Amino acid sequence: MRVKEILQSPEAIGKSLEAKGWIRTKRGNKNIVFIALNDGSTIHSIQVVINAPDFPEDLIRQLTTGACIGIKGIVVQSPGKEQSVEIQADDITVYGSANPETYPLQKKGHSLEFLREIAHLRPRTNTFGAILRIRHALAFAIHKYFNDNGFYYLHTPIITGSDCEGAGEMFRVTTLSASNPPVLKDGKVDFSEDFFGKETSLTVSGQLEGELGALALSRVYTFGPTFRAENSNTPRHLAEFWMIEPEMAFYEIDDNMDLAEDFLKSLIRYALDHCRDDLEFLQKMYDGELIDRLTFILDNTFERITYTEAIDILVQSGEKFEFQVKWGVDLQTEHERYLVEKHYKKPVMVTDYPKDIKAFYMKQNDDGRTVRGMDVLFPKIGEIIGGSQREENYDKLKSRISELKLPEKDLWWYLETRLFGTAPHSGFGLGFERLVLFITGMGNIRDVIPFPRTPKNAEF
RNA sequence: UCCUCAGUAGCUCAGUUGGUUAGAGCAUCUGGCUGUUAACCAGAGGGUCCUAAGUUCGAGUCUUAGCUGAGGAGCCA
């Protein structure tokens, strides 16, 4: 039986059963030994009580922090204060011992930086157990939300041949020799010899393909790995991360904002309803205001302002910013933080950015100088969602592509959807790890993904 | 990529204006304790002071370069 079930089942008392897991701590003396056993099913461990004289001494010696064991025994009410039930051990199996001289996890005091160096073992800590369970619950909640709302899960490609997705540096995918690739007469690499007969990369976004799906199934979403080869060294960036990108036909920018707000709130609500123990643990250990902050998001409407209004607020704030506030220049982190944390003190959605600072596919407004982009800004982590209404007009889209000198020949299929049965449509991208970061209250994105990939780090 | 800070025992850290044999807590090991709660009590072992070069009679400490990590910025989700 799993530890979570035992702890939740009053009827288990008096029954004989088997629990398997890893030892968190061991206490006691020659006569009685207490073990905290955890199998990852819950943040809580179950206490195993061993009457030491009943077992061989060398077996007891193997019961150390980190060892994997199975315990057969009777569940009894615990006379101790800290737990309601415990297992009185009749039989002990050691599946795998853990040499206490060399096992790096101890009973107390590990920095998150140290745990990153032992990412193969950190899932065994309370902290990472909690994070990984919350991460799972949120992934499940995302699929549930979309399924319940008539969206179809679309699998967009991970290898892409278009380098015009416009979201950053890409990782090349190739089977050509790194030391001696075939070359053309001008010395450049001959990608026609490559596996796909052209230069290919890992995707930086499934959006363009997502739009193709939306213009057929009306509502789709993607949820998959995304790769950016930017040399970003921050607590909010990964080279490999998971992104959720809903794309909806017949949604205008306001519908898009409604969805983004309802979606985020439903995910936070799901976590509060289903991950209470883990959230309480993280609140106790790392972030005393975590649950209040999550509840606050649920209880308040996101502020909706245009970029132009944001600029006015910042100019009139009297605040001294390092970067000058000026219409036409993108909002800096310090500006976003001011809006979210000082001015409105709640999530803010900013729309209608100058077209020159946003991607080619965003729908152009009639004013000729702004586009219907939208960013959702959260306290602590900044931009959690970026999205827009898409330009559905063939001529406007085409002229924007040529203005920006993008390779039109690689985008023929994207353009063609505007030629045949085009429709107003919108969508956005949510960084999954940023969501998990916010909901767990952790400070560094490398601690909310099991095996982070960042510049100079692809260990494990 | 830029700026700032850090790197000393398995982990977290202290180490004074450069000066004898580099310390503490936790962990580990040994001993003690029949109900512990990050158990407790006593004792012991444990160091390439990130690497390289330099200054100096003498460097954990100062200088330079590099490596690694963290924070801030940019890019963005």
Side-chain angles (χ1 to χ4, degrees), chain A residues 24-36 44-53 61 64-66 76 78-83 86 88 98-118 125-126 165-169 204-207 225-245 260 285 321-323 330-337 357-359 373 375-378 381-387 428-438 443-449 454-457 459:
Chain A
R24 283 290 157 74
T25 66
K26 176 193 182 187
R27 299 177 286 270
N29 52 47
K30 266 184 191 150
N31 298 291
I32 187 164
V33 172
F34 301 93
I35 282 173
H44 303 295
S45 297
I46 190 158
Q47 175 156 285
V48 175
V49 185
I50 297 167
N51 191 39
R61 289 175 71 87
T64 60
T65 298
V76 297
S78 176
K81 291 176 201 146
E82 308 282 318
Q83 61 279 320
E86 62 193 23
Q88 192 74 44
N99 184 347
E101 301 270 15
T102 50
Y103 184 62
L105 288 172
Q106 299 147 16
K107 295 185 201 179
K108 66 195 279 191
H110 294 296
S111 66
L112 294 168
E113 290 86 350
F114 172 68
L115 292 174
R116 272 171 224 150
E117 294 170 10
I118 51 166
T125 62
N126 288 331
E165 288 168 356
E169 293 296 313
V204 293
S205 166
Q207 179 201 317
T226 309
F227 306 88
R228 306 248 169 115
E230 303 287 346
N231 192 8
S232 296
N233 291 288
T234 83
R236 299 179 302 283
H237 290 86
L238 291 165
E240 175 185 291
F241 63 101
W242 289 67
M243 186 154 64
I244 300 105
E245 295 177 286
M285 300 303 287
F321 295 112
E322 190 184 338
F323 293 89
D330 207 357
L331 298 177
Q332 303 292 316
T333 298
E334 57 175 345
H335 305 144
E336 295 178 350
R337 291 188 75 117
I357 59 172
K358 288 291 181 184
D375 284 351
V376 180
L377 309 177
F378 258 35
I381 60 169
E383 185 176 343
I384 192 170
I385 276 179
F428 59 80
L430 168 68
F432 185 51
E433 284 75 17
R434 290 204 180 158
L435 175 76
V436 181
L437 193 60
F438 182 76
N444 192 312
I445 202 163
R446 293 161 200 156
D447 297 328
V448 299
I449 187 169
T454 51
K456 300 276 181 287
N457 179 23
E459 192 69 46

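Letters A, B, ... are given to chains in the order of the sequence lines, protein chains preceding strands, and every chain is numbered from 1. Remember, predicted model here, so these are calculated numbers, not experimental data.
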>> Measuring only between side-chain heavy atoms, which start at C-beta, is M243(A) closer than 4.5 Å to Q207(A)?
In response: no
> Can you check whether T333(A) has a side-chain N or O nearer than 4.0 Å to OP1 or OP2 of G74(B)?
Replying inline: yes
> If the P atom of U48(B) is compared with that of C5(B), how far apart are they to the nearest Å?
Replying inline: 28 Å
>> Quiz question: going by heavy-atom distance under 3.5 Å, is there a donor-acceptor pair between the base of A77(B) and the side chain of R228(A)?
In response: yes
>> By nearest atom, which of the nucleotides C29(B), G71(B), A73(B) is closest to the Q332(A) side chain?
In response: A73(B)
> At under 4.0 Å between heavy atoms, what does T234(A) touch on the DNA or RNA strands: base, sugar-phosphate, or nothing?
Replying inline: base
> So which nucleotide does U4(B) pair with, by the Watson-Crick or G-U wobble rule with both distances under 3.5 Å?
Replying inline: A70(B)
>> Mind checking if P79(A) touches a base, just sugar-phosphate, or nothing, with heavy atoms under 4.0 Å?
In response: base
> Do T226(A) and R228(A) have side-chain N/O donor and acceptor atoms under 3.5 Å apart?
Replying inline: no
> Which whole-number value in Å describes the distance from H237(A) NE2 to A73(B) P?
Replying inline: 11 Å
> Taking only side-chain nitrogens and oxygens of R446(A), does any of them come within less than 4.0 Å of OP1 or OP2 of A70(B)?
Replying inline: yes
> With rounding to whole Å, what would you report as the distance between U1(B) and A9(B) at their C1' atoms?
Replying inline: 36 Å
> What about N29(A): does its side chain form a donor-acceptor pair under 3.5 Å with the base of U36(B)?
Replying inline: no
>> Using Watson-Crick or G-U wobble geometry with both distances under 3.5 Å, which nucleotide pairs with C49(B)?
In response: none
> In the strands shown, is G31(B) matched to any nucleotide by a Watson-Crick or G-U wobble pair with both distances under 3.5 Å, and which?
Replying inline: C41(B)
>> Does any part of the side chain of T454(A), heavy atoms only, come nearer than 4.5 Å to the side chain of R446(A), both counted from C-beta?
In response: yes
>> Please confirm whether the shortest side-chain N or O distance from R61(A) to OP1 or OP2 of U30(B) is below 4.0 Å.
In response: yes
> Given the P atoms of U30(B) and A22(B), what is the spacing between them in whole Å?
Replying inline: 28 Å
>> Under 4.0 Å, heavy atoms only, any strand: does F241(A) hit a base, just the sugar-phosphate, or nothing?
In response: base
> Roughly how many Å is it from CG in N444(A) to P in A70(B), rounded to a whole number?
Replying inline: 7 Å
> Taking only N and O in the side chain of S111(A), is any of them less than 4.0 Å away from OP1 or OP2 of U12(B)?
Replying inline: yes
> Under 4.0 angstrom, heavy atoms only, what part of the nucleic acid is L238(A) near: base, sugar-phosphate, or nothing?
Replying inline: base
> Which listed nucleotide (U28(B), G35(B), U36(B)) is nearest to the side chain of Q83(A)?
Replying inline: U36(B)
>> For U68(B) and K456(A) - does any side-chain N or O of the residue sit under 4.0 Å from the phosphate oxygens OP1/OP2?
In response: no
> For the side chain of R236(A) and the backbone of R434(A), is there at least one donor-acceptor N/O pair under 3.5 Å apart?
Replying inline: no
> Considering heavy-atom distances to RNA chain B, does M285(A) or M243(A) have its closest nucleotide positioned more toward the 5' end?
Replying inline: M285(A)
>> Regarding T226(A), tell me which of base, sugar-phosphate or nothing describes its non-hydrogen contacts under 4.0 Å with the strands shown.
In response: nothing
> Atom CD of E245(A) and atom P of A77(B): how far apart are they, to the nearest Å?
Replying inline: 9 Å
> Is S232(A) side chain donor-acceptor paired with the C76(B) base, going by distance under 3.5 Å alone?
Replying inline: no
> Which nucleotide sits closest to the side chain of Q106(A): C75(B), A77(B), C11(B)?
Replying inline: C11(B)
> Would you say the side-chain atoms of E383(A) pair up with the backbone N or O of D375(A), donor to acceptor, closer than 3.5 Å?
Replying inline: no
> Does the base of G69(B) carry an N or O that pairs as donor and acceptor with the side chain of E117(A) under 3.5 Å?
Replying inline: no
> Looking at U36(B), does its base get a donor-acceptor pair with the side chain of Q47(A) below 3.5 Å?
Replying inline: yes
> For atom P, what is the distance between C41(B) and C50(B), given to the nearest Å?
Replying inline: 32 Å
> Please give, in whole Å, the distance from C41(B) C1' to R27(A) CZ?
Replying inline: 17 Å
> Which nucleotide in the list G32(B), A73(B), A70(B) gets nearest to the side chain of R236(A)?
Replying inline: A73(B)
> Once you round it to whole Å, what is the distance between C1' of A38(B) and CD1 of I35(A)?
Replying inline: 16 Å
> With no angle test and no hydrogens, is the base of C11(B) tied to the side chain of H110(A) by a donor-acceptor pair under 3.5 Å?
Replying inline: no
> Separation of K358(A) atom NZ from C75(B) atom P, in whole Å?
Replying inline: 10 Å
> Out of A73(B), A77(B), A27(B), which nucleotide sits closest to the side chain of F323(A)?
Replying inline: A73(B)
> Taking CD from E383(A) and C1' from C75(B), how many angstroms apart are they, rounded to a whole number?
Replying inline: 11 Å
> What are the two closest heavy atoms between E240(A) and F227(A), and how far apart are they?
Replying inline: OE1-CE2, 3.3 Å
>> So does V76(A) get a backbone contact from the side chain of E86(A), meaning a donor-acceptor N/O pair under 3.5 Å?
In response: no
>> Roughly how many Å apart are C33(B) and A38(B), using the P atom of each and rounding to a whole number?
In response: 24 Å
> Which value, in whole Å, describes the distance between the P atoms of nucleotides C2(B) and A27(B)?
Replying inline: 43 Å
>> Partner lookup for U20(B), please. Criteria are Watson-Crick or G-U wobble with both distances under 3.5 angstrom; report none if nothing qualifies.
In response: none
>> Donor-acceptor check, side chain of Q83(A) to backbone of S78(A), threshold 3.5 angstrom: yes or no?
In response: no
> I385(A) near the nucleic acid: base, sugar-phosphate alone, or nothing, with a heavy-atom cut-off under 4.0 Å?
Replying inline: sugar-phosphate
>> Applying the Watson-Crick and G-U wobble criteria at under 3.5 Å, what pairs with G54(B)? Answer none if nothing qualifies.
In response: C62(B)
> Between A65(B) and C75(B), how far is it from one C1' atom to the other, in whole Å?
Replying inline: 29 Å
> Picking from U34(B), A73(B), G71(B), which would you name as closest to the side chain of N233(A)?
Replying inline: A73(B)
>> Suppose we define a pair by two distances each less than 3.5 Å, Watson-Crick or G-U wobble; what does C26(B) pair with here?
In response: G10(B)
>> Does the structure show F34(A) stacking with G35(B), if we require the centres to be closer than 5.5 Å and the planes to be within less than 30 degrees of parallel?
In response: no
> Using the P atom in both, what is the distance from C76(B) to U8(B), to the nearest Å?
Replying inline: 37 Å
> For G429(A), does its backbone N or O pair with a side-chain atom of E245(A) as donor and acceptor, under 3.5 Å?
Replying inline: no
> In whole Å, what is the span from the CD atom of E336(A) to the P atom of A73(B)?
Replying inline: 10 Å
>> Please report whether the ring centroid of H335(A) lies less than 6.0 Å from that of F321(A).
In response: yes
> Counting any heavy atom closer than 4.0 Å, what does G80(A) reach on the DNA or RNA strands: base, sugar-phosphate only, or nothing?
Replying inline: base
> So, is R116(A) near the phosphate of A70(B), with a side-chain N or O under 4.0 Å from OP1 or OP2?
Replying inline: yes
>> Both P455(A) and E86(A) contact RNA chain B. Taking the nearest nucleotide for each, which residue is further toward the 5' end?
In response: E86(A)
